[in-house]
Amino acid sequence: MSKGPQRIRGTQDIWGEEADRFQAVVAAFERVRRLYAFSRIEIPVFEATEVFARSIGETTDIVSKEMYSFPDRGGDSLTLRPEFTAGICRAYLSEGWQQHAPLKLATHGPVFRYERPQKGRFRQFHQLDAEIIGSDAPAADVELLVLADQLLHELGIQDGVTLNLNTLGDAATREAWRAALVEHFEAHRADLSEDSLNRLEKNPLRILDSKDPRDRPAADSAPVIDAFLTAEAADFFAAVTAGLDAAGVAWTRNGSLVRGLDYYRHTAFEFITDRLGAQGTVLAGGRYDGLIESLGGPPTPAVGWAAGIERLAMMIAAPEPARPQAALVPLGEAAEAAATGLAAGLRRAGIACDMAFKGNMKRRLAKADAAGVRFAIILGDDELAAGEAAVKDLRSGEQFRVALADLAGALVAR
RNA sequence: GCGACCGUAGCUCAGCUGGUUAGAGCAUCGGUUUGUGGUACCGAGGGUCGCGGGUUCAAGUCCCGUCGGUCGCCCCA
């Protein structure tokens with residue numbers, strides 16, 4: 001095997017088709033985000049640890065054992081972001097962006113979670129992220145969902161994916177429902193898996209979507225949230241579903257869809273596929289009206305979602321690799337210099353072209369062909385003397401002479 | 001943190017119940033073609049068989065450990 005430093009577990013070196021897929025996902029997101037007038041935001045890759053600890057919830061696995069936290073040289077505890085939402089809310093507060101509310105924000109980039117890598121799961125992975133901060137209108141939830149739906153359509157993966165939708169109600173609803181669930185599961189303690197007994201202490205809602213067959217009877221017979229919804233919460237959810245219907249976005253109600261993170265309220269959703277093994281969630285989010293308050297800010301309503309770029313990239317059709325239109329093939333030193341000038345001219349004219357750093361004609365032609373280049377521009381002493389280049393169409397094999405001054409135009413014309 | 005499977009050239013893999021100098025395809029480089037690619041043919045370079053220990057006359061092949069990979073559980077995008 002190779003020696004030298006190795007890639008850190010759970011990180012990736014991405015090149016070739018994989019990189020093209022990644023780029024295609026990001027490009028689609030940037031395009032769609034503009035259509036919905038979301039502005040781009042950039043935030044730090046690391047934050048004070050408390051930003052995540054206070055917002056995400058001390059009891060979640062993310063905070064308790066999956067964060068990359070470290071003391072900096074000054075002794076402060078910093079953490080590599082495990083998600084975008086908390087950092088964006090911190091920025092909203094510390095930069096005084098309340099004055100711009102409601103704010104529609106989008107970003108993408110690396111996030112970090114210390115987990116055991118598996119299919120579609122990495123320690124450094126990448127997310128798309130969209131948030132609306134400062135609006136308590138159900139229309140905000142709807143817009144975010146329609147945006148997500150359009151993104152998946154533009155990526156061509158809507159067929160394998162369904163939008164699962166639920167409401168967690170407002171704070172009062174959630175409290176009442178949670179109490180009822182605890183009571184229900186306490187009564188079925190004997191039937192539950194060890195994992196779920198654990199969840200009962202830490203996050204009882206999670207028992208509802210347990211994969212363990214032993215938990216299913218108790219989970220399926222558990223009280224549903226609808227009975228506990230306050231009138232306001234019920235109205236809110238009705239407005240969201242009506243909006244989705246109006247926008248023509250397909251959705252299915254999933255009463256056992258809950259969120260792992262403490263800050264969610266009202267709308268919760270996941271776009272789920274069966275094409276990625278155990279990692280079925282492709283895009284997920286919801287409303288988190290309590291988060292900014294938990295960071296020490298004023299009560300501020302907000303909604304958002306995040307999607308794993310790697311997971312999306314695995315699902316899309318392979319994109320056409322970008323290939324240059326032409327390759328320069330100089331023969332000899334004089335031609336090499338002339339070709340350098342020609343290449344610069346073509347590129348300034350907006351024509352993508354390539355020129356190998358060295359090699360004989362055979363090598364250069366083979367390289368151009370392997371790269372999928374359409375035209376080889378051959379420059380030798382004969383051509384130079386005539387002020388022309390030999391242009392070879394590598395697809396048809398036909399070859400013709402073009403005056404150097406007309407090169408760019410000739411290539412565009414063909 | 002737990003479980004299962006896997007770890008042989010740059011890549012994908014073969015190597016039968018342990019037995020002389022470990023193979024193939026692709027890729028790379030060179031040649032058939034000293035100014036013409038994509039096809040074909042010939043040739044070359046490249047591996048302490050993840051690492052460490054053990055069993056054996058003998059280990060890529062068996063055993064233990066360790067590291068890494070893959071998939072699943074937990075959790076989550």
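Only a predicted model underlies this, so the values are computations on that prediction, with no experimental measurement involved.
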Residue pair A:Arg363/A:Gly380 against RNA chain B: nearer the 5' end by closest nucleotide is A:Arg363

By nearest-nucleotide position on RNA chain B, the 5'-leaning member of A:Arg7 and A:Gly397 is A:Gly397

In the strands shown, is [N] matched to any nucleotide by a Watson-Crick or G-U wobble pair with both distances under 3.5 Å, and which?
N     : answer
B:C26 : B:G10
B:C71 : B:G3
B:C57 : B:G19

Mind checking whether [X] and [Y] have side chains closer than 4.5 Å, heavy atoms only?
X        : Y        : result
A:Val329 : A:Lys392 : no
A:Tyr114 : A:Lys65  : no
A:Tyr288 : A:Ile133 : yes

Of the candidates B:C71, B:A77, B:G38, the side chain of A:Lys119 sits closest to B:C71

Picking from B:A77, B:G38, B:C2, the nucleotide nearest the side-chain atoms of A:Arg116 would be B:C2

More than 12 heavy atoms of other residues, nucleotides or ligands under 6.0 Å from CD of A:Glu333: is that the case?
-> no

Next item on the list: Might you confirm whether atom CZ of A:Arg395 has over 12 heavy atoms from other residues, nucleotides or ligands at distances under 6.0 Å?
Entry: no

Need one value for [X]: base, sugar-phosphate or nothing, where a base atom within 4.0 Å counts as base even if backbone is also close, heavy atoms only.
X        : value
A:Ile378 : base
A:Ala368 : nothing
A:Val282 : sugar-phosphate
A:Glu194 : nothing
A:Lys367 : nothing
A:Phe122 : base
A:Gln399 : base
A:Arg199 : sugar-phosphate
A:Glu115 : base
A:Arg9   : sugar-phosphate
A:Asn360 : nothing

Nearest-Å distance once atom [atom1] is located in both [N] and [M]:
N     : M     : atom1 : value
B:C2  : B:C49 : P     : 30 Å
B:G60 : B:C16 : C1'   : 14 Å
B:U21 : B:A27 : P     : 31 Å

TODO: Tell me, with the steps shown, if A:Glu30 and A:Arg33 meet salt bridge (Lys or Arg N to Asp or Glu O under 4.0 Å).
DONE: CA-CA 5 Å; A:Glu30 279 294 303; A:Arg33 153 240 133 175; 2.5 Å; yes

Whole-Å distance separating the [atom1] atom of [X] from the [atom2] atom of [N]:
X        : N     : atom1 : atom2 : answer
A:Asn203 : B:C74 : CG    : P     : 13 Å
A:Asp195 : B:C74 : CG    : C1'   : 6 Å
A:Met315 : B:A77 : CE    : C1'   : 13 Å
A:Tyr68  : B:C76 : OH    : P     : 18 Å

Side-chain N or O of [X] versus OP1/OP2 of [N]: is the shortest distance under 4.0 Å?
X        : N     : answer
A:Arg206 : B:C76 : yes
A:Arg364 : B:G37 : no
A:Lys211 : B:C73 : yes
A:Gln118 : B:U70 : no

Check: When you measure from the side chain of A:Asp20 to the backbone N and O of A:Pro321, does any donor-acceptor pair fall under 3.5 Å?
Finding: no

- Does a distance-only test, which skips hydrogens and angles, find a donor-acceptor pair under 3.5 Å between the side chain of A:Lys392 and the base of B:U36? yes

